[in-house]
Number of protein chains: 2
Amino acid sequence: MSLKYAVLAALLEGEASGYELSKVFDVSFANFWASTPQQLYRELERLTRDGLVEARVVRQERRPDKRMFTLTAAGREDLRGFAAAPPRRPTTVRDELLIKIQAMDDADPGATCALVEERMAWARGKLARYARVRERLLDGRPEERYLREADRIGPYLTLMAGIAFEEENLRWCERVLAVLRQRVPQG
Amino acid sequence: MSLKYAVLAALLEGEASGYELSKVFDVSFANFWASTPQQLYRELERLTRDGLVEARVVRQERRPDKRMFTLTAAGREDLRGFAAAPPRRPTTVRDELLIKIQAMDDADPGATCALVEERMAWARGKLARYARVRERLLDGRPEERYLREADRIGPYLTLMAGIAFEEENLRWCERVLAVLRQRVPQG
DNA sequence: CGCACCTATTCAACTAATTGACTATGGGGG
DNA sequence: CCCCCATAGTCAATTAGTTGAATAGGTGCG
């Protein structure tokens, strides 16, 4: 249902191809609306059919043709309504690692440590990518000035949510490792 | 796929009915594996068929009969293997509010504020429930002692993740409100 | 006395999401 | 030269998840 609005919101940043959107949904949007390229292509098809986005084919010299999508007035209006309405469904999270932690007392502590360390490496990678997106948004301005003056601050605020989330994630991992090491000093 | 292991992990705490599990998945498990009662009943059916859990019917006087489920040795073994293996799929989050924030620059700032405040109220409610679960787990002991001595600390660590997540959520909301108020002082 | 809500579950129909393969073209490395 | 990777998608099959209602006895409130 809301993948629709996630795509429309992504197109607020300007025209994009399905492929480009799939990159966006792999980095910044991944924090709050996970989806695969296949899902995006299907959704773009539907949105085009419903007149909320418009497609134009761009022929390229040394690459396959691509379709570039733009928000229509109807799409923008629909999104505006969505943005002001209360959420229909509660936030859902699906994190396999936490299931493994929930069940860890029955498993090998060494393996659990390794999983947590993997998660930390992953979180650090995400933070590095977010830092680059942040630099690009701020474009040299101090944050305070950006937040006062920029046309659009929504993307910055969601990015901040992602950064805060991953930093918290890292702190939690650190804590889990400390506890594990104290309980199994030989591990 | 992993709902299976989420259910098995929940049953590590002991025998439970589908209804009881749906309560657990509404509170503590909600942080890391969202699912509805219908999904749980279907999954329990499958797990029973596959011999990973065992069911027994409990006839009750003043309530409908219920089926109580227990982990079998095979179920416990399967879960142990899962707990030590690296995650198959990345963590997915689906948070409608963040889409609305992403698109907020096109929408009514007052409505956006209201949505953020709603989220804060929700987060505070969750934190209150987590605090009660925590009290029950600690059972009067100081945390340090609990973490050293308790049989199972997995559930406590996942609870800590949920608490940290909601606290971070609250801090982020506070920040969003501060920014919104600065940009639209009349709102 | 009636209504709403809690326990405890099941069913059917539908929509959304995942997996894996397939089509093309071009570039870079070994 | 061959393989892999990146671009830019499409298709088909299956699995997972959502929605809404039905069943059925009990409790609490006014």
Side-chain angles (χ1 to χ4, degrees), chain A residues 1-8 10 15-27 29-30 32-50 53 55-69 87-96 99, chain B residues 1-8 10 15-27 29-30 32-50 53 55-69 87-96 99:
Chain A
M1 273 282 114
S2 307
L3 173 57
K4 168 182 168 183
Y5 295 104
V7 171
L8 295 178
E15 199 183 35
S17 69
Y19 193 77
E20 282 162 0
L21 284 178
S22 79
K23 298 297 158 198
V24 170
F25 274 79
D26 227 45
V27 188
F29 270 59
F32 58 89
W33 209 269
S35 52
T36 59
Q38 289 79 358
Q39 269 177 279
L40 293 175
Y41 284 118
R42 235 185 311 117
E43 197 61 46
L44 285 165
E45 214 58 60
R46 233 180 313 216
L47 291 170
T48 306
R49 175 170 50 60
D50 296 347
V53 307
R56 72 187 174 94
V57 174
V58 175
R59 263 166 246 294
Q60 295 184 111
E61 290 286 291
R62 320 182 162 276
R63 273 138 208 267
D65 292 356
K66 61 181 174 181
R67 275 191 307 160
M68 296 295 283
F69 297 90
R88 280 148 190 258
R89 62 190 86 252
T91 300
T92 67
V93 176
R94 298 245 158 91
D95 185 345
E96 273 196 16
I99 303 179
Chain B
M1 273 281 112
S2 305
L3 173 58
K4 168 181 169 184
Y5 294 105
V7 170
L8 295 178
E15 198 182 34
S17 69
Y19 192 78
E20 282 162 0
L21 285 177
S22 79
K23 297 297 155 198
V24 170
F25 274 78
D26 227 45
V27 188
F29 271 58
F32 57 91
W33 209 271
S35 52
T36 60
Q38 289 79 357
Q39 267 178 280
L40 293 175
Y41 283 116
R42 235 185 311 117
E43 197 61 45
L44 285 166
E45 215 56 60
R46 232 180 314 217
L47 290 170
T48 307
R49 175 169 51 59
D50 296 347
V53 307
R56 73 187 173 93
V57 175
V58 175
R59 262 167 247 292
Q60 295 183 112
E61 290 287 289
R62 319 182 164 275
R63 272 136 208 270
D65 290 358
K66 62 182 173 180
R67 277 191 306 159
M68 296 295 284
F69 297 91
R88 280 149 189 256
R89 62 190 85 250
T91 301
T92 67
V93 176
R94 299 246 157 93
D95 185 345
E96 273 195 16
I99 302 180

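On a predicted model such as this, the values are computed, not experimentally measured, just so you know. Lettering follows sequence order; numbering is per chain, from 1.
Put simply, the side chain of R94(A) does not reach to within 4.5 Å of the side chain of R89(B), judged on heavy atoms. Residues V7(B) and F25(B) meet the side-chain proximity criterion, which asks for heavy atoms closer than 4.5 Å.
Rounded to the nearest 0.5 Å, atoms CG (D26(B)) and OG1 (T36(B)) are 10.0 Å apart. Rounded to the nearest 0.5 angstrom, I99(B) CD1 and F29(A) CZ are separated by 7.5 Å. Here the straight-line distance linking atom CG of L8(B) with atom CG of L44(B) works out to 9.0 Å at 0.5 Å rounding. Here the CG atom belonging to D65(A) is positioned 12.0 Å from the OG atom belonging to S17(A), to the nearest 0.5 angstrom.
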Checklist line | side-chain contact (heavy atoms from CB on, under 4.5 Å) between E96(B) and M1(A), intermediate numbers included | finding: CA-CA 10 Å; E96(B) 273 195 16; M1(A) 273 282 114; 5.7 Å; no
Margin query: One pair to check against side-chain contact (heavy atoms from CB on, under 4.5 Å): E45(A) and R42(A). What are the steps and the verdict?
Written below: CA-CA 5 Å; E45(A) 214 58 60; R42(A) 235 185 311 117; 5.5 Å; no
Note to self: Would E43(B) and R46(B) count as a salt bridge (charged side-chain N to carboxylate O under 4.0 Å, His left out) here? Give the steps.
What the structure shows: CA-CA 5 Å; E43(B) 197 61 45; R46(B) 232 180 314 217; 3.3 Å; yes
Notebook entry, point to check: What is the per-nucleotide protein-contact pattern of nucleotides 11-19 of chain C, from the 5' end, where B denotes a base atom under 4.0 Å from a protein heavy atom, S denotes such proximity for sugar-phosphate atoms only, and - denotes neither?
Noted result: B----SBBB
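For DNA chain D, the residues of residues 15-26 of chain A within the heavy-atom distance limit of 4.0 Å (strictly under) are S17(A), G18(A), Y19(A), K23(A), sorted by number.
Between the side chain of S2(A) and the main chain of Y5(A), no donor-acceptor pair closer than 3.5 Å is present.
Running 5' to 3' along DNA chain D, contacts with non-hydrogen atoms of chain B at under 4.0 Å begin and end at dA16(D) to dT27(D).
Under the side chain to side chain donor-acceptor pair (under 3.5 Å) criterion, K4(B) pairs with D78(B), not counting sequence neighbours. For S22(B), there are no side chain to side chain donor-acceptor pair (under 3.5 Å) partners two or more places apart in sequence or in a different chain.
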Please enumerate all protein N or O atoms sitting under 3.5 Å from an N or O of nucleotides 24-27 of chain C, with distances to 0.1 Å.
| from | atom 1 | to | atom 2 | distance (Å) |
| --- | --- | --- | --- | --- |
| dG26(C) | O4' | R62(A) | O | 3.4 |

